[in-house]
Amino acid sequence: MTETVFNLKPSELAYVPFVSVDNMMRNVRAVGVETVMRGIADYIEEDFRRWESFDKKPRIPAHAPEGVIELMPTSDGKTFGFKYVNGHPGNTSDGLQTVTGFGVLSDLTTGYPLLFSEMTILTALRTAANSALAAKYLAPKGSKTMAIIGNGAQSDFQCLAFKELLGITEIRAYDLSTEASVRLARNLAHSGLNVTICKTAEDAIEGAEIVTTVTADKKLATILTDNMIGSGVHINAVGGDCPGKTELHRDILLRSDIFVEFPDQTHIEGEFQQLDRDHPVTELWQVYAGTVPGRTSQDQITLFDSVGFAIEDFAALRYVHDLLPKTGHFEKLDLLADPDDPRDLYGMVLRSAHAA
Ligand code: NAD
């Protein structure tokens, strides 16, 4: 095992393990992207099964016409976690990411941080893991074909997670930008997935048991209309995750059994914002805990109205925290002041001046 702070008490910590973008990529390469997503899915499932032990609230947003910055905190009474994340659909035209993030895990008994990590790549990994986990309970058994509408930053991860967790072999890709679909097909060329680039969304969903929508546009869009969705399909709606930002026609929602993370947040941000708050939805944690069923019939249209919830990021940070002792791919961040006498903080500043 590498030199580590992971088995020390918080009071013995001299630094905070920090996972940069570079080190996140090394960690992913060290174990393999599919293994990471399977691992994160397991951690999400485990945390959703102990749902009642978590402190839960809708995320805290700051909106601008161009996008949103959000803070996503949660705690299980022992550990606290939060993610800072943005969503700016116009960013890509300036060469910037639509979604970037970073996050922290802390010990709740001392308040000391245990991990500081980039969460741009980690968000893509956890979002895909989360989608595939839900689909394990909701998609038709033996699904082989997934349509993916929106072929941007999240899409490769989605395809790979569905291959790993569900055994998907065929991808039917559509994006307003053919360049985006070509990029996706190129990245997946050696993945074992067979990718067909489609000219329209209608063409993409032809024969697909699973339809993933992961487009970015800050408006009430209609990526899927009612007539496009036949019985028995599972819809994994990922891109509608903000007030005034949706992807599905309301009539699809009325024909679907809707599964959500945290209804209070999904009603503000998800496709669910198109319906009354008292419209019936099922909470995924109950499905994972085995108290309510997932898919119950072949003809049922199931919809995972994904918006991204704090417990998923908490689980992803926990996974990374547990992975680091095995890979050693992190830096030591000097984030904790440690004067000899805890009350003599200014004395530490004085001594540093003498030392300098
Ligand atoms: P991105 O900008 O990299 O890619 C979005 C793609 O959608 C682009 O290629 C764009 O051309 C395409 N697109 C836009 N409108 C379209 C349309 N009408 N038809 C077909 N394609 C269209 O964005 P990204 O990082 O891949 O994120 C995609 C979406 O997922 C964003 O809205 C983001 O906020 C959301 N997201 C959700 C979660 C979650 O947990 N639910 C997590 C991360 C990101």
Side-chain angles (χ1 to χ4, degrees), residues 40 44 59 61 63 66-70 72 83 85-101 103 119-134 147-159 161 172-185 187 197-205 211-225 228 235-249 259-262 265-266 268-272 284 303-313 315-316:
I40 293 175
I44 293 174
R59 57 188 158 196
H63 291 283
E66 297 79 11
V68 64
I69 293 175
E70 295 160 326
M72 303 171 69
K83 178 168 82 171
V85 68
N86 78 301
H88 285 70
N91 269 5
T92 47
S93 56
D94 296 328
L96 302 173
Q97 293 290 125
T98 296
V99 176
T100 62
M119 288 195 80
T120 301
I121 296 169
L122 191 55
T123 291
L125 293 162
R126 82 84 159 112
T127 302
N130 193 44
S131 285
L133 170 63
I148 182 149
I149 303 173
N151 302 159
Q154 309 298 319
S155 62
D156 322 46
F157 297 87
Q158 288 280 333
C159 296
R172 299 182 62 78
Y174 170 68
D175 195 292
L176 287 178
S177 151
T178 310
E179 221 176 282
S181 305
V182 170
R183 182 207 59 76
L184 175 65
N187 279 357
I197 298 177
C198 301
K199 288 197 166 56
T200 61
E202 286 83 350
D203 181 18
I205 63 175
V211 178
T212 289
T213 55
V214 63
T215 64
D217 209 340
K218 204 171 191 299
K219 66 175 186 197
L220 300 170
T222 310
I223 308 299
L224 298 179
T225 51
M228 289 164 75
I235 306 170
N236 169 41
V238 180
D241 61 352
C242 214
K245 180 170 173 243
T246 56
E247 297 181 304
L248 309 187
H249 192 283
F259 294 80
V260 303
E261 293 140 316
F262 182 52
Q265 182 179 310
T266 312
I268 298 169
E269 302 177 352
E271 301 301 326
F272 188 22
L284 275 172
L303 163 62
F304 173 29
D305 185 3
S306 161
V307 292
F309 187 54
I311 295 175
E312 293 143 25
D313 298 305

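Computed from a predicted model, the values in this text were never measured in an experiment. Numbering of ligands and ligand atoms starts at 1, following listing order.
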When you compare the side chain of [Y] with that of [X], does any pair of heavy atoms fall below 4.5 Å?
{"X": "L133", "Y": "L284", "value": "no"}
{"X": "L122", "Y": "I40", "value": "yes"}
{"X": "E269", "Y": "E70", "value": "yes"}
{"X": "S177", "Y": "R183", "value": "no"}

Spell out, as yes or no, whether a donor-acceptor pair under 3.5 Å connects the side chain of Q154 to the backbone of A128.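 Looks like no, no N/O pair under 3.5 Å.
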Minimum distance, heavy atoms only, to [atom]: which one of [options] is it?
{"atom": "atom 43 (C) of ligand 1", "options": "E247, R183, E269, Q154", "value": "Q154"}
{"atom": "atom 42 (C) of ligand 1", "options": "D175, T127, N91, L224", "value": "T127"}
{"atom": "atom 36 (N) of ligand 1", "options": "T222, D241, T266", "value": "D241"}
{"atom": "atom 40 (O) of ligand 1", "options": "Q97, R126, E261", "value": "R126"}
{"atom": "atom 31 (C) of ligand 1", "options": "V99, T215, T178, V214", "value": "T215"}
{"atom": "atom 5 (C) of ligand 1", "options": "A201, S177, A216, S155", "value": "A216"}

Any atoms of ligand 1 less than 4.0 Å from a non-hydrogen atom of [X]? List them with their elements.
{"X": "T92", "answer": "2 (O)"}
{"X": "G308", "answer": "39 (C), 40 (O), 41 (N)"}
{"X": "V307", "answer": "39 (C), 40 (O), 41 (N)"}

Any chance you could measure [X], atom [atom1], to [Y], atom [atom2], to the nearest 0.5 Å?
{"X": "E247", "Y": "E271", "atom1": "CD", "atom2": "CD", "answer": "6.0 Å"}
{"X": "D175", "Y": "S155", "atom1": "CG", "atom2": "OG", "answer": "8.0 Å"}
{"X": "L125", "Y": "Q158", "atom1": "CG", "atom2": "CD", "answer": "11.0 Å"}
{"X": "T215", "Y": "N151", "atom1": "OG1", "atom2": "CG", "answer": "10.5 Å"}
{"X": "M228", "Y": "I149", "atom1": "CE", "atom2": "CD1", "answer": "5.5 Å"}

Can you tell me which portion of T98 lies within the under-4.0 Å heavy-atom range of ligand 1? Options are side chain, backbone, both, or neither.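 The part of T98 near ligand 1 is the side chain, not the backbone.
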Between E312 and ligand 1, find which residue part has any heavy-atom pair under 4.0 Å and reply side chain, backbone, both or neither.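 For E312, there is no contact with ligand 1 at all, from either part.
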To the nearest 0.1 Å, how far is [atom] from its closest protein heavy atom, and which atom is that?
{"atom": "atom 3 (O) of ligand 1", "value": "A153 N, 2.9 Å"}
{"atom": "atom 32 (O) of ligand 1", "value": "K245 NZ, 2.7 Å"}
{"atom": "atom 19 (N) of ligand 1", "value": "L176 CG, 3.6 Å"}
{"atom": "atom 4 (O) of ligand 1", "value": "G152 CA, 3.2 Å"}

Determine whether T266 and D305 satisfy the following criterion, side-chain hydrogen bond (donor to acceptor under 3.5 Å, both in side chains), listing intermediate values before the conclusion. CA-CA 8 Å; T266 312; D305 185 3; 5.7 Å; no
Please find the pair of heavy atoms, one from K199 and one from Y174, that lie closest to each other, and give the distance.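 Of all heavy-atom pairs spanning K199 and Y174, the closest is O-CE1, 3.2 Å.
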Side chain or backbone, does [X] bring an N or O within less than 3.5 Å of an N or O on ligand 1?
{"X": "I223", "answer": "no"}
{"X": "A180", "answer": "no"}
{"X": "G239", "answer": "yes"}
{"X": "S306", "answer": "yes"}

Closer than 4.0 angstrom: is that true for some heavy atom of Y174 and an atom of ligand 1?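 Per 4.0 Å heavy-atom rule, Y174 contacts ligand 1.
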Taking only non-hydrogen atoms of G87, do any sit less than 4.0 angstrom from ligand 1?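 No, G87 has no heavy atoms under 4.0 Å from ligand 1.
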Cut-off 3.5 Å, no hydrogens considered: what does the side-chain donor-acceptor table look like for residues 93-101, sequence neighbours left out?
| residue | atom | partner | partner atom | Å |
| --- | --- | --- | --- | --- |
| S93 | OG | G90 | O | 2.7 |
| T100 | OG1 | N86 | OD1 | 2.7 |

